[in-house]
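Reading through the structure tokens given below for one structure.
Count residues from 1 along the sequence. Atoms within each ligand, like the ligands themselves, are counted from 1 in listed order.
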Amino acid sequence: MTTRPAALAGLPLLEDLGDVTGKRVLVRSDLNVPLTQRDRSCEVADDFRIRQAIPTLTWLKDHGATVVCCTHVSRPHGKEVPELSVAPIAAKLAEYIDGIDVLENLRFDPREEGNDPAFVAELVSGFDCYVNDAFGASHRAHASVVGPPRTLPSAAGRLLEREVEVLGGLLVDPKRPFVAIVGGAKVADKLGVIRSLCEKADAIVVGGGMAFTFLAAQGRDVGASMLDESRVDECAELLGGSTPILLPTDVVALAPGGTFGDGERSGDVQTFDGDIPSGWMGLDIGPQSAERYASEILSAQTVLWNGPMGVFEDPRFAEGTRIVGRAVADGRGTSVVGGGDSAMAAEQFGFADKIDFMSTGGGASLEFIEYGDLPALEALRNAPNAPEGS
Ligand code: 3PG
Ligand code: MG
């Protein structure tokens, strides 16, 4: 018997379903993809998650199962919203694989997010087995995610298996040095994951809007930059720990009254070392910081990247994210990118295909790194057919 990686202990995999020939299998995928409005209908804007869902569906079909797939799309909050129908997603899926029925958006029914047992019973009715391949939704204790394994023989699909193996592997036994890059706007959303990474990583590199609360904790003036006063003490405590947390020394900032982002862009832009003058808003790490981060990343054996260094959709504040992302792609070690904005940045700057592993989950990958487990995985480990955990 081959031994499974520690991260997969106790988790039923497709092989643990036994013979699926002639069986009806319900697959929960995360086909929640960006849609764009075209005339009166919607189109899939990015099919990354759809492509990642194919191997499991193919495996089940090839092994003689009848497969029905289900997913949520966006956040309709229990109401039927025609623009959030699965129709364009099912059409895109059919370009890759035939003969898979896709149920309508699970979140049209309030009982999905309410984790209602009656909804679970309706979902599983007529099915012999359940497969969860929805890594991106596995941090949600929703009906379609945690309900079916209570009654049906169940398994993690290939995508979920791989996500857990790679992300779990980082937590169990990363090749060192292990450098984690954490960015994004809101510091409150990332402190839990930074706290957990302080125990696992050799260094943490911080950028994005969240960096300013750390800088404030060091006594720096941050001008009009994003700042969460309520988290300054917690940032100071983390900075006092034994794991080095790198912060930007120079910052690219926008003059008072300027505008930035996707729409209108105006105002003077300057780079400041140290304190940011009153009224100026830091929106990217500066060139010195980007180079320092890049050299830390290039010398690592394992790199985890979650969150951009600045407002990269605005070219005036994209350089930090581009340089850091380039280093992640060029590094000699293993590179893992959390979903969401960093995956988008990797695509935008054209180095996505040089990343070793691109997670399909944003929130899910953060929660998995923070807690080392997810509601969906716990549910699968409790399925009637689950193997003995070691
Ligand atoms: C995502 O896109 O992050 C996942 O599909 C989960 O969606 P949710 O954040 O709306 O639960
Ligand atoms: Mg999300």
Note: ligand 1 atoms sitting under 4.0 Å from heavy atoms of Asp30 are 4 (C), 5 (O)

With no hydrogens and no angle check, just 3.5 Å: does a side-chain donor-acceptor pair link Asp268 and Gln270?
yes

Winner among His72, His142, Arg75 once heavy atoms are compared against atom 7 (O) of ligand 1:
His72

Under-4.0 Å salt bridge between Glu122 and Arg111:
yes

Which atoms of ligand 1 are found less than 4.0 Å from any heavy atom of Asn32?
1 (C), 2 (O), 4 (C), 5 (O), 7 (O)

One finds that the ligand 1 atoms under 4.0 Å from a non-hydrogen atom of Arg140 are 8 (P), 9 (O), 11 (O)

Side-chain donor-acceptor pair under 3.5 Å between Ser289 and Asp250, yes or no?
yes

Pairs of nitrogen or oxygen atoms closer than 3.5 Å, one from Arg49 and one from ligand 1: do any exist?
yes

Nearest-0.5 Å distance, CG of residue Leu304 to OG of residue Ser365:
7.5 Å

Check: of Ala364, Gly136, Gly361, min heavy-atom distance to atom 4 (C) of ligand 1 comes from Gly136

Please verify whether a non-hydrogen atom of Arg107 lies at under 4.0 Å from ligand 1.
yes

Does the Lys NZ or Arg CZ of Arg24 fall within the cation-pi geometry relative to Phe127 - under 6.0 Å from the ring centre and within 45° of the axis?
yes

May I ask you to decide if His72's main-chain N or O and Asn105's side chain share a donor-acceptor pair within less than 3.5 Å?
no

